[in-house]
Q: 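Take this structure first; my questions come after.
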Amino acid sequence: MRMYDIILKKRNGGELTKEEIDFFVEGYTRGEIPDYQVSALMMAVYFRKMTEAETLALTMAMAHSGDMLDLSAIRGIKVDKHSTGGVGDKTSIALAPMVAACGIPVAKMSGRGLGHTGGTIDKLESFPGFSTELTTRQFIDNVNRIGIAIMGQTADLAPADKKLYALRDVTATVDNLSLIASSIMSKKLAAGADAIVLDVKTGSGAFMKAEEDARALAEEMVRIGRNAGRRTIAVISDMDQPLGFGVGNALEVKEAIETLKGRGPEDFTELCMTLGSRMLIAGGKAECVEEAAEKLENAIRDGSALEKLAEFVEAQGGDRTAVYQPEKLPQASIVRTVAAPGDGYVNRLTCDEVGICSLILGAGRETKESAVDLSAGLVLRKKAGDYVKAGEPLAELHGGDERRLKEAEERFLGACVLSDNPPEKSPLIKGVIS
């Protein structure tokens with residue numbers, strides 16, 4: 001078998017066999033096939049697309065290119081959740097304790113963020129002492145003992161995907177449905193869950209800007225999951241404005257805590273309930289959405305979800321008292337109010353621009369080596385559809401550098417568009433695919 005023949009076949013519109021896909025993935029992972037040949041193949045895939053069978057074969061080959069996490073020692077049906085990412089997306093921090101309190105074991109691998117805010121691990125490190133440096137044995141034991149564990153992704157989890165993504169990123173071949181879907185799902189399958197619930201974002205703050213593209217990606221990933229023998233459900237959710245009010249690591253953790261107390265923002269609470277209900281159904285703890293929602297609401301009402309978060313934080317070295325006393329979380333030295341320049345309705349709050357504001361303030365990383373200020377970010381005081389008078393607060397900026405605060409304020413005012421009439425309200429949940 002020759003790489004040249006595989007490139008030629010795909011360039012001419014042929015369907016690659018599982019053996020051909022395994023050959024190039026294994027060879028590239030071992031360093032036996034050069035970047036220039038895989039670049040040529042990725043460009044052929046970009047233009048010629050992949051069939052359902054090819055997409056599954058690529059996903060499975062990447063999943064099996066490194067370690068396949070064995071979670072069979074964990075009792076119960078393991079349900080993983082994945083988000084395609086957005087601004088203010090602190091969902092895992094509230095959702096994991098909610099579903100764990102209902103009896104679903106949460107064994108999750110997460111990463112650090114590169115962009116406007118940190119990833120789930122960065123946010124959790126807002127708890128003093130918290131660590132995701134767990135051995136596989138500790139990871140499994142924690143899930144069996146308290147119902148939750150989150151650890152960092154290992155270098156040996158789907159290494160082929162890491163190499164392929166880095167190459168696609170510099171060869172203009174990222175934006176292909178099969179390649180995006182197989183990249184996400186290879187890591188989910190390698191992480192060992194029995195069922196997967198996907199939160200696919202759409203809007204100005206999402207990777208998929210158009211709803212039809214987000215729906216197509218969701219359908220593709222659900223197909224891959226089904227063909228791989230995993231129950232997979234996708235929720236398509238709006239990311240045209242930030243989720244909740246807090247954007248920034250410790251600020252998002254505080255909002256997740258408030259949500260577990262039953263005082264969270266309406267949109268964030270709705271998303272947690274929607275995703276959590278599907279996780280309970282996939283995990284066999286509920287027969288329908290209504291039954292699942294009632295169990296999740298009870299877990300919030302009786303305090304068991306909040307206590308589950310405290311148990312989880314403590315089990316991974318963190319200060320559990322910060323769950324009940326959020327003032328112990330990192331706090332910015334400067335908090336500045338952004339005032340409305342005039343009267344009107346907030347017509348648009350450009351989501352990705354708000355994300356850049358948090359990055360300017362220090363909440364995110366511009367490079368992998370950048371340090372994250374866990375206290376930095378912003379808290380929205382108005383969102384799309386809200387009426388504001390001149391001089392009233394639109395947002396609070398949290399940071400420690402006057403120059404950065406001024407730059408973020410100017411950027412935020414450019415992202416917030418006022419109008420005489422309220423905008424048309426867009427639903428948070430665009431659809432569910434199962």
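If you read the sequence from its start, that first residue is 1, and numbering goes on from there.
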Q: Is the shortest distance from a Lys or Arg side-chain nitrogen in Glu402 or Arg336 to a carboxylate oxygen in the other one below 4.0 Å?
A: yes
Q: Regarding Lys430 and Thr202, do their side chains bring together a donor and an acceptor under 3.5 Å, going by distance alone?
A: no
Q: Could Arg223 and Glu220 be called an ion pair, given the rule that one side-chain N must be under 4.0 Å from one carboxylate O?
A: yes
Q: Is Ile184 close to Ile180 at the side-chain level, that is, under 4.5 Å between some pair of heavy atoms?
A: yes
Q: If you count heavy atoms of other groups shown closer than 6.0 angstrom to OH of Tyr46, is the number above 12?
A: no
Q: Can you tell me if CD on Gln325 sees more than 12 non-hydrogen neighbours from other groups inside 6.0 Å?
A: yes
Q: Before accepting this row, confirm whether a basic side-chain N of the pair Glu219/Arg215 lies closer than 4.0 Å to the acidic partner's carboxylate O.
A: no
Q: Apply the test side chain to side chain contact (heavy atoms under 4.5 Å, CB included) to residues Leu95 and Met279: give CA-CA distance (whole Å), side-chain angles for both, the deciding distance (0.1 Å), then the verdict.
A: CA-CA 10 Å; Leu95 182 62; Met279 292 177 76; 3.7 Å; yes
Q: Over all heavy atoms of both residues, which pair between Ser83 and Asp89 is shortest? Give the atoms and the distance, please.
A: OG-OD2, 2.6 Å
Q: Please say whether the positively charged group of Lys201, taken as NZ for Lys or CZ for Arg, lies over the ring of Phe207, i.e. under 6.0 angstrom from the six-membered ring centre and within 45 degrees of the axis.
A: no
Q: So does Glu311 pair up with Lys308, basic N to acidic O under 4.0 Å?
A: yes
Q: When you check the gap from the basic side-chain N to the acidic O, do Lys406 and Glu410 get nearer than 4.0 Å?
A: yes
Q: Does Glu307 come within less than 4.0 Å of Arg320, counting only side-chain N to carboxylate O?
A: yes
Q: So that I can tick it off, tell me whether Arg231 and Asp194 are bridged by a salt bridge, with the cut-off set at under 4.0 angstrom between side-chain N and carboxylate O.
A: no
Q: How about Ser419 and Asn421: does a side-chain donor come under 3.5 Å of a side-chain acceptor?
A: no
Q: Hydrogens and angles aside, do Ser237 and Asp199 bring a side-chain donor and acceptor to less than 3.5 Å of each other?
A: yes
Q: Can you tell me if CG on Asn12 sees more than 12 non-hydrogen neighbours from other groups inside 6.0 Å?
A: yes
Q: Below 4.0 angstrom, N of the basic side chain to O of the carboxylate: do Glu52 and Arg226 qualify?
A: yes
Q: Against Thr173, only a single residue in Asn176, Thr171, Asp175 fulfils side chain to side chain donor-acceptor pair (under 3.5 Å); can you say which?
A: Thr171
Q: So that I can tick it off, tell me whether Glu258 and Lys261 are bridged by a salt bridge, with the cut-off set at under 4.0 angstrom between side-chain N and carboxylate O.
A: yes
Q: Side chains of Phe245 and Leu251, heavy atoms from C-beta outward: is any pair under 4.5 Å?
A: no
